[in-house]
Amino acid sequence: MSLKIDSVLIHGGIDGDETTGAVSVPVYQTSTYKQDGLGQTRGWEYSRTGNPTRAALEKLIADLEQGEYGLAFASGLAAINTVLSLFKAGDKLVVSDNIYGGTFRILDNVFKNFGITYKIVDTSDLDKVREAIDEDVKAIYVESPANPLLTVTDIKAISEISHEFGKLLIVDNTFLTPYLQRPLTLGADIVIHSGTKYLGGHSDTISGLVVVNDKKLAERLYYLQNAIGGVLAPWDSFLVIRGIKTLGVRMERHVNNARRIAKWLAESGYVSRVYYPGLENDPGFKVQKKQADGPGAMLSFVLNEEYDYRRFFKNLKLITLAESLGGVESLVCHPASMTHAAIPADIRKEVGIVDELIRFSVGIEDADDLIADLKQAIENSKKAVM
Ligand SMILES: *Cc1c(COP(=O)(O)O)cnc(C)c1O
């Protein structure tokens, strides 16, 4: 029976426990497994290599992304580390110009030391992507919508370019989740998630996920997952499975709240710019609408000059100043000094990550309460008139 995504969220992957009938997948808190004789395992050998709770999550994320093979890691960056380990010295990656700061950091300060280089390109501009491809380029790495300016990249168009040149397309789908966007169906080769965000959804665990369709690619990634060892623990696998069950209802509410707040901000007179692909005048609106089932609930805005962003952060009462996103609670952050501090100031400025930029992960609280909190925090942050 082919199930719709709301049912896959709850019954996808491995549904419950065959042996006992438990409706939740048990936490197999074990490091190793008894072998019945030399070379006679029951399918499990050692929990770095494979664990039933992790396997249930791996199958679930593959089902949700409409892919074949899923892998779970100890963090989004452990997932990214493993994917980047597919490459070797001399290889080059074309990378979106606004990506998660930690992704930039691992490229710039870890993989570059191993001779794997990168070229930053505005991947929303297809001509620029085409121009950036040369023989050394082995993959294109995009986030859409990207962090923190919510720039939308046309995944299908990029996948056509990458396949024309025989390159891999890697998409970080953290911001929309498979509930709203399924990059493999748009032609991506590898989908990456920080499960820490919407998939887990409750700001209580760190995790990363990868999904692919190609068997050879999957075999190499499973090999690297075991060889590198950044695997997700059984308990955290359980928490992410549990989070995913409510992803649908959470995302509906997240998106409704974000739409209302983006509209309110844009009309408020308090801000000079709102970045949100759900607004009709946003440059990413059309492509986003074509390739995803919703614009997500991440938005960024630039406060008008008369307001002091430091005071704004201090004034917030309901909304929390913190790193991370995608949890049930609303969080704001200051990309220039927090999530994107790893990006050099000149590159930050060039791509538009100005000091006045505020990123908002809209939670599922009451939208009126969130708007009231924003309003009082902004009004009380007016700079003193000289
Ligand atoms: C948080 C995040 C990551 C990194 O994930 P961790 O779980 O923090 O390691 C990667 N990509 C995006 C888009 C993120 O938001």
Side-chain angles (χ1 to χ4, degrees), residues 54 57 61 65 71-85 93 95-111 118 123 141-153 155 170-181 183 188 190-211 225 228-233 236-237 239-240 243-244 247 251 254 258 275 277 284 292 295-300 322-327 331-335 338-343 351 353 359-363:
R54 193 177 90 220
L57 171 62
I61 192 65
E65 287 287 0
L71 300 95
F73 297 91
S75 68
L77 271 162
I80 292 165
N81 181 21
T82 304
V83 168
L84 293 179
S85 301
L93 286 100
V95 177
S96 286
D97 68 350
N98 54 97
I99 53 167
Y100 181 68
T103 306
F104 177 81
R105 181 172 52 211
I106 197 171
L107 282 166
D108 195 57
N109 274 315
V110 181
F111 282 89
Y118 65 89
T123 50
Y141 189 110
V142 307
E143 271 178 41
S144 186
N147 197 345
L149 297 174
L150 292 310
T151 319
V152 175
T153 289
I155 297 172
I170 306 168
V171 177
D172 182 329
N173 198 28
T174 299
F175 272 28
L176 290 190
T177 81
Y179 191 72
L180 298 176
Q181 175 172 277
I190 303 178
V191 173
I192 297 179
H193 284 283
S194 167
T196 311
K197 315 298 168 55
Y198 292 101
L199 295 174
H202 296 76
S203 305
D204 54 10
T205 182
I206 301 271
S207 66
L209 298 153
V210 171
V211 185
Q225 181 189 38
I228 296 170
V231 296
L232 192 62
D236 296 272
S237 300
L239 283 177
V240 180
I244 286 174
L247 181 67
M251 285 317 277
H254 275 298
Y275 297 91
M298 293 301 300
L299 58 89
S300 291
E323 305 253 4
S324 201
L325 59 104
L331 301 179
V332 284
C333 90
H334 181 235
M338 295 167 69
T339 50
H340 290 69
I343 300 177
V351 302
I353 306 172
R359 192 187 76 181
F360 188 7
S361 168
V362 180

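In listed order, ligands and their atoms are each counted from 1. Each residue takes its place number in the sequence, starting with 1.
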Proximal atoms of ligand 1 relative to Ser207 (non-hydrogen, under 4.0 Å) = 7 (O)

Does a side chain donor of either Ser144 or Thr153 reach within less than 3.5 Å of an acceptor in the other side chain?
-> no

Give yes or no for whether the N/O distance cutoff of 3.5 Å, strictly under, is met between Gly76 and ligand 1.
-> yes

Indicate yes or no: does an N/O atom of Ser194 lie under 3.5 Å from an N/O atom of ligand 1?
-> yes

What protein heavy atom sits nearest atom 8 (O) of ligand 1, and how far away is it?
-> Tyr100 OH, 3.8 Å

Would one find an N or O of Glu143, backbone or side chain, under 3.5 Å from an N or O of ligand 1?
-> no

Would a 4.5 Å heavy-atom cut-off, applied to side chains only, mark Val211 and Leu71 as touching?
-> no

Examine Leu77 against ligand 1 and note whether any of their N/O atoms are separated by less than 3.5 Å.
-> yes

Does a side chain donor of either Asp236 or Ser207 reach within less than 3.5 Å of an acceptor in the other side chain?
-> no

Measure from the ring center of Tyr198 to the ring center of His254 and say whether it is less than 6.0 Å.
-> yes

the protein heavy atom lying closest to atom 11 (N) of ligand 1 turns out to be Asp172 OD2, 2.7 Å

Can a donor-acceptor pair be found between the side chains of Glu65 and Asn173 at a distance below 3.5 Å?
-> yes

Numbered atoms and elements of ligand 1 in range of Leu325, under 4.0 angstrom, heavy atoms = 15 (O)

Tell me, do Phe104 and Ile99 make a side-chain contact under 4.5 Å, heavy atoms counted?
-> yes

Verify whether one side chain among Thr174 and Ser194 offers a donor that lies under 3.5 Å from an acceptor in the other.
-> no

How far is atom 7 (O) of ligand 1 from its nearest protein heavy atom, and which residue and atom name does that atom have?
-> Thr196 OG1, 2.6 Å

shortest atom 1 (C) of ligand 1-to-protein heavy-atom contact is with Lys197 NZ, 1.4 Å

